[in-house]
Amino acid sequence: MTNITGRVREAFRGDQRVDADALIARLDAVRRFLTAVDGLLPDAELVPAHTLVERAGTRLALSRDHTVVALAGATGSGKSSLFNALAQLELSPVGVRRPTTGVTHACVWGPLEGANRLLDWIGVLPRHRFVRESALDADDETALHGLILLDLPDFDSVQRSHRLEVDRLLGLVDQVVWVVDPQKYADRVIHDSYLREFHRHRDVTVVVLNQADRLTPAELPRVLDDLRRLLDTDGLTGVPLLSTTAIDPAGMVGLRGAMERTVAERQAALRRLAGDVDTVVAGLDELVGSARPAGGPDDTAVDGLNRALAGAAGVPAVTEAVEQAYRHRAGAATGWPLVRGWRRLRPDPLRRLHLPGPTGDQTDPAESLVAATSVPDPTAAQRSALGLAIRAVADRAATDLPAAWPGAVTSAARSRLGDLPDALDRTIAGTDLGLGRRPLWWRIVGGVQWLVTLAAVVGLGWLVLGYALRALGLPALDNPMVGQVPLPTLLLLGGLLAGLLVAALTRPVVRWAARRARARAEQRLTAKVARVGDEYVLTPVRVVLGSYAQARDALRDAARR
């Protein structure tokens, strides 16, 4: 008896209480993690976390006054005998036929009504629920009021349905008592498939070596020491290890004492859920890691993206058309008035692209619903360059992220790729190319051209009138002289030469101004295209990076105990 009591005290040494509010905060952090990564990480990786949130919410909403303890073991371990011995009633069938336990039986200490909702959730059929209440020994069982003891099917049963039922119930109960016998306590199935998986649930795990009466007083300590060694290897250092025998009431004292303490503490459900959170957080840790990503891709990748977008949007073609249009319009405004009409017969280069025409007008709104501009479609090389630039943005943004995230970043960067052509086209069509105003110097030069042309016309008319009068025999006009040159001749030749001189002097100025207009248009178009890239490529990437940061912080909060 002294040996058993010592083992119980050792088993519970250093137990810490789990604060319910802190546990709820950890569960909320897991929920925030799932919200942050929704649609970004593979669903298969998140199943344990979703299961935890659902199960924990349900368990905490159900009875906090009951503790669900399951007896789990292999065929022949005697767990049904322990179940009956603890209940002091023959509730679960015991026999030599294997497996004996095919369904789960439940024994409730205290009124059954308060435990029914919990048993409904666990899935124990009403006909397999029993109440441990007796007028003869009611006071003796007070220490166990609130205990729901389950006798599970054998986990090594030849019936696959039995094994599946055991696995399901092991995920729902508050505490597990693993029952082993002297013959099969070292069986690899229970250690590799079950006990080792419970290393994060040490606070709600008890191991009993049943049928201890089959061992001699000298053999029992050696078997217990060997079993303790195996448990330490399984990561279950410090879990209670008890020896029991169902045929002797004295052999049940240690296990019953452990049960009474568990019921009195009302901590098993909280400790089980805390262990579940630890397990889930450990499984999710490799999905998040500890990297702190930048706010987005670096400037080099962004510049490459903007260049690729400008090429795909046809910015070079548009800026070339702007330069040509400037020269076309400047020539029409500053050239000889007699040839301006001929120049206007030539189509404006921007109008050929359905861009703002000579008066700044846009294409018909109904037509713009189909195609905003007639800018040439991007070539295969330009489309390839755009794809590579988007991939470079994603790769730079995902640097140092865990393996699960680069794919999500790349998908986000390409998520609106199909909308880019229309967005770029609308941007090009809606950009002010800077040709809406007529420069003042155009008006001045145009006025000068009108004056010299008028002088030439006056001189020509004067000369024609003089020739006509002489042809009709009328008195000729007295032409004033400017030096040795008649004034009409001077007006005609001077007007023509002045027009040619003004045109010759204006031509290099027009070319220089056209190049400046092209540079201004390129700057404006590049800025607008960069905004499209920010909205359609960079913003989705930043959203994913923000989700990663939120997921990392949430998982860090969930890991705090």
Nearest 0.5 Å, what's the [atom1]-[atom2] distance between [X] and [Y]?
X	Y	atom1	atom2	value
Asn306	Leu538	CG	CG	7.5 Å
Ile148	His66	CD1	NE2	5.0 Å
Arg266	Thr67	CZ	OG1	5.5 Å
Thr526	Arg524	OG1	CZ	12.0 Å
Leu71	Leu149	CG	CG	4.5 Å
Asp120	Arg129	CG	CZ	4.5 Å

Side-chain donor/acceptor of [X] to backbone N/O of [Y], under 3.5 Å:
X	Y	result
Thr399	Arg396	yes
Ser411	Ala408	no
Gln211	Gly76	yes
Arg55	Gly171	yes
Ser77	Asp181	no
Lys79	Asn210	no
Arg272	Asp174	no
His191	Tyr185	yes
Gln175	Ala268	no
Arg416	Val537	no

List in chain and number order the residues that pass side-chain contact (heavy atoms from CB on, under 4.5 Å) with Ser161, two or more places apart in sequence or in another chain; answer none if no residue qualifies.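 Once residues adjacent in sequence are excluded, the partners of Ser161 under the side-chain contact (heavy atoms from CB on, under 4.5 Å) criterion are Gln159.
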Can you name the residues that form a side-chain contact (heavy atoms from CB on, under 4.5 Å) with Asp232, not counting sequence neighbours? Arg228, Thr237
Do you know the tightest heavy-atom contact between [X] and [Y]?
X	Y	result
Val124	Ala106	CG1-CB, 3.9 Å
Tyr548	Val288	OH-O, 2.6 Å
Val281	Ala559	CG1-CB, 3.9 Å
Leu170	Phe198	O-CZ, 4.0 Å
Val53	Val30	CG2-CG1, 3.8 Å
Leu305	Gly533	CD2-O, 4.4 Å

Please work out which of the three classes, parallel, tilted or perpendicular, describes the rings of His105 and Phe130, given edges at 30° and 60°. parallel
Should the pair [X]-[Y] be classified as a salt bridge under the 4.0 Å nitrogen-to-oxygen rule?
X	Y	answer
Asp203	Arg271	no
Arg17	Glu265	no
Arg556	Asp553	yes
Arg391	Asp395	yes
Arg202	Asp234	no

Can you tell me if [atom1] on [X] sees more than 12 non-hydrogen neighbours from other groups inside 6.0 Å?
X	atom1	value
Gln183	CD	yes
Arg414	CZ	no
Arg117	CZ	no

Test applied, salt bridge (Lys or Arg N to Asp or Glu O under 4.0 Å); reference residue, Arg26; option that passes from Asp19, Asp21, Asp557, Asp278: Asp278
Residues which pass side chain to side chain donor-acceptor pair (under 3.5 Å) with Thr245, listed by chain and number, not counting sequence neighbours: Asp213
Can you name the side chain to side chain donor-acceptor pair (under 3.5 Å) partners of Asp187, sequence neighbours left out? none
Partners meeting ring-ring contact (aromatic ring centres under 6.0 Å, His included) with Tyr536 (sequence neighbours left out):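 ring-ring contact (aromatic ring centres under 6.0 Å, His included) check on Tyr536 returns nothing, list empty.
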As a test of understanding, state which of [options] forms a side chain to side chain contact (heavy atoms under 4.5 Å, CB included) with [X].
X	options	value
Phe83	Asp151, Val177, Leu152, Val179	Asp151
Trp405	Leu545, Leu41, Thr410	Leu41
Leu23	Asp276, Leu273, Asp28	Leu273

List the steps and the verdict of side-chain contact (heavy atoms from CB on, under 4.5 Å) for Leu209 and Thr244. CA-CA 6 Å; Leu209 178 66; Thr244 59; over 6 Å; no
If you define the side chain from C-beta out and look only at heavy atoms, does anything of Leu86 sit under 4.5 Å from Leu144? no
Which pairs count as side chain to side chain donor-acceptor pair (under 3.5 Å) when at least one residue sits in residues 33-51, sequence neighbours excluded?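 Of all non-adjacent pairs touching residues 33-51, none passes side chain to side chain donor-acceptor pair (under 3.5 Å).
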